[in-house]
Amino acid sequence: MGKLTVSIFDKGTAWLDTGTFESLMQAGQFVQILEERQGIKISCIEEIAYSMGFIDKIQLMNIAQPLEKSGYGIYLKHLVEEPR
């Protein structure tokens, strides 16, 4: 039928199968460990939008402001302080 496509993942890509409760828990633990050890957030939509130029520093700070008491808000504020 010619509808099958194949994609090769880039180096560093991890495929997380979450079809069972156990594998979902393992995926969550993997993400938690990676975020803690690397100091990054996985799939942080605000970070992606900022790095791609869809939002600027002011918009990112406006998003982060109501979240400033959480680790997530602190993370967003640090993005503005780091060089792009």
Side-chain angles (χ1 to χ4, degrees):
M1 297 173 138
K3 293 184 179 182
L4 180 65
T5 60
V6 176
S7 297
I8 306 296
F9 290 131
D10 293 332
K11 185 177 181 177
T13 301
W15 178 264
L16 304 175
D17 184 2
T18 58
T20 66
F21 178 75
E22 183 179 343
S23 63
L24 179 61
M25 291 297 294
Q26 290 171 346
Q29 290 171 339
F30 175 80
V31 169
Q32 179 185 19
I33 290 167
L34 188 63
E35 286 185 348
E36 287 175 358
R37 291 187 183 174
Q38 298 294 320
I40 60 170
K41 297 288 182 198
I42 305 296
S43 295
C44 174
I45 194 72
E46 297 87 355
E47 180 176 15
I48 295 166
Y50 179 62
S51 68
M52 295 183 74
F54 295 125
I55 61 174
D56 60 20
K57 288 181 181 185
I58 294 170
Q59 291 169 307
L60 184 60
M61 290 301 289
N62 287 338
I63 294 167
Q65 205 276 324
L67 306 169
E68 67 185 353
K69 293 183 181 179
S70 72
Y72 195 73
I74 293 167
Y75 179 79
L76 293 177
K77 285 188 167 191
H78 284 283
L79 294 175
V80 172
E81 297 166 3
E82 295 175 359
R84 281 174 118 176

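Throughout, residue positions are numbered sequentially from 1 according to the sequence presented.
Nearest heavy-atom pair, G73 versus A64, reported as atom, atom and distance to 0.1 Å: O-CB, 3.8 Å. Nearest heavy-atom pair across E47 and K41 is OE1-O, 4.0 Å. The shortest heavy-atom contact between L60 and L76 is CD2-O, 3.7 Å. Taking each heavy atom of T18 and A27 in turn, the nearest pair found is CG2-CB, 3.7 Å. Taking both residues in full, the closest heavy atoms of D17 and G19 are given as OD1-N, 3.2 Å, listed atom of the first, atom of the second, then distance. Listed here is the closest heavy atom pair of C44 and Y75: SG-CE2, 4.2 Å.
When hydrophobic clusters are built by joining Ile, Leu, Val, Met, Phe, Trp and Tyr residues whose side-chain heavy atoms come closer than 4.5 Å, directly or via intermediates, I42 is not grouped with M25. I40 and V31 fall within the same hydrophobic cluster, defined by Ile, Leu, Val, Met, Phe, Trp and Tyr side-chain heavy atoms under 4.5 Å apart, directly or through other members. In terms of hydrophobic clustering, with Ile, Leu, Val, Met, Phe, Trp and Tyr side chains grouped at heavy-atom distances under 4.5 Å, L34 and L79 are assigned to a common cluster.
With contacts defined as side-chain heavy-atom distances shorter than 4.5 Å, the pair Y72/E46 qualifies.
Here Q29 contributes atom CD and Q26 contributes atom CD; the two are 7.0 Å apart, rounded to the nearest 0.5 Å. Note that the OG1 atom of T13 and the CD1 atom of I8 stand 11.0 Å from one another [nearest 0.5 Å].
Side-chain atoms of E35 do not come within 3.5 Å of backbone N or O of Q32 as any donor-acceptor pair.
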